[in-house]
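All figures in this text were calculated on a predicted structure; none of them were measured in a lab.
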Amino acid sequence: SLLSGHGEAMALASSLCERGHILLALGRSASDHLARAREISDRLAMPADSRLGLSVARLARAVGAAGSGVPLSMGYAPEDTEGEGLPVLP
């Protein structure tokens, strides 16, 4: 069904974001994961303030920070972590 396909696409995009942060934590690129997650989110017309929209934005910040040489915390950009360096998730 369409709803099932929508849910599966959202789960895939969310998983791509999670894997992207893991790759960044390992010092690897997550650009492909970000591009695929963003493509799915755009195709589903997810609002920027949706759970998926926020996940894609967090990964985008982390990819940008890593590309600029900013140290990440467990694959997350500094602005997305608390004082102890733990990711701030909704």
Give me the atom names and distance for the closest heavy-atom approach of [X] to [Y].
X	Y	result
Pro78	Pro71	CG-O, 3.8 Å
Leu59	Ala30	CD1-CB, 4.2 Å
Ala77	Ala65	CB-CB, 4.2 Å

(Q) Applying ring pair (Phe, Tyr, Trp, His ring centres under 6.0 Å), can you list everything that pairs with His21, at least two apart in sequence or on another chain? (A)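 For His21, the residues satisfying ring pair (Phe, Tyr, Trp, His ring centres under 6.0 Å) (neighbours in sequence not counted) are Tyr76.
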Q | side-chain contact (heavy atoms from CB on, under 4.5 Å) against Ser29, all qualifying residues, sequence neighbours excluded | A |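 Partners of Ser29 by the side-chain contact (heavy atoms from CB on, under 4.5 Å) criterion, ordered by chain and then number, come out as Ser31.
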Would you say [X] has more than 12 foreign heavy atoms packed within less than 6.0 Å of its [atom1]?
X	atom1	result
Arg28	CZ	no
Arg61	CZ	yes
Asp42	CG	yes

Working to the nearest 0.5 angstrom, can you tell me the gap between [X] [atom1] and [Y] [atom2]?
X	Y	atom1	atom2	result
Arg19	Leu26	CZ	CG	13.5 Å
Arg36	Leu16	CZ	CG	4.5 Å
Ser15	Ile22	OG	CD1	8.5 Å
Leu72	Leu24	CG	CG	6.0 Å
His6	Met46	NE2	CE	5.0 Å
His33	Glu18	NE2	CD	11.0 Å

Q. Applying the 4.5 Å side-chain criterion to the ILVMFWY set and letting contacts propagate, would Val56 and Leu23 be lumped into a single cluster?
A.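 No; Leu23 is not reachable from Val56 via cluster members.
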Q) Honestly curious: do Leu52 and Leu12 fall in one hydrophobic cluster under the side-chain, below-4.5 Å linking rule? A)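 Per the 4.5 Å side-chain linkage, Leu52 and Leu12 are co-clustered.
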Q: For the pair Ser14 and Met10, evaluate side-chain contact (heavy atoms from CB on, under 4.5 Å) and give the outcome as yes or no after the intermediate values.
A: CA-CA 6 Å; Ser14 180; Met10 285 180 56; over 6 Å; no
Q: State, without any angle test, whether Arg51 and Ser55 hold a side-chain donor-acceptor pair at a distance under 3.5 Å.
A: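 No - no donor-acceptor pair under 3.5 Å links their side chains.
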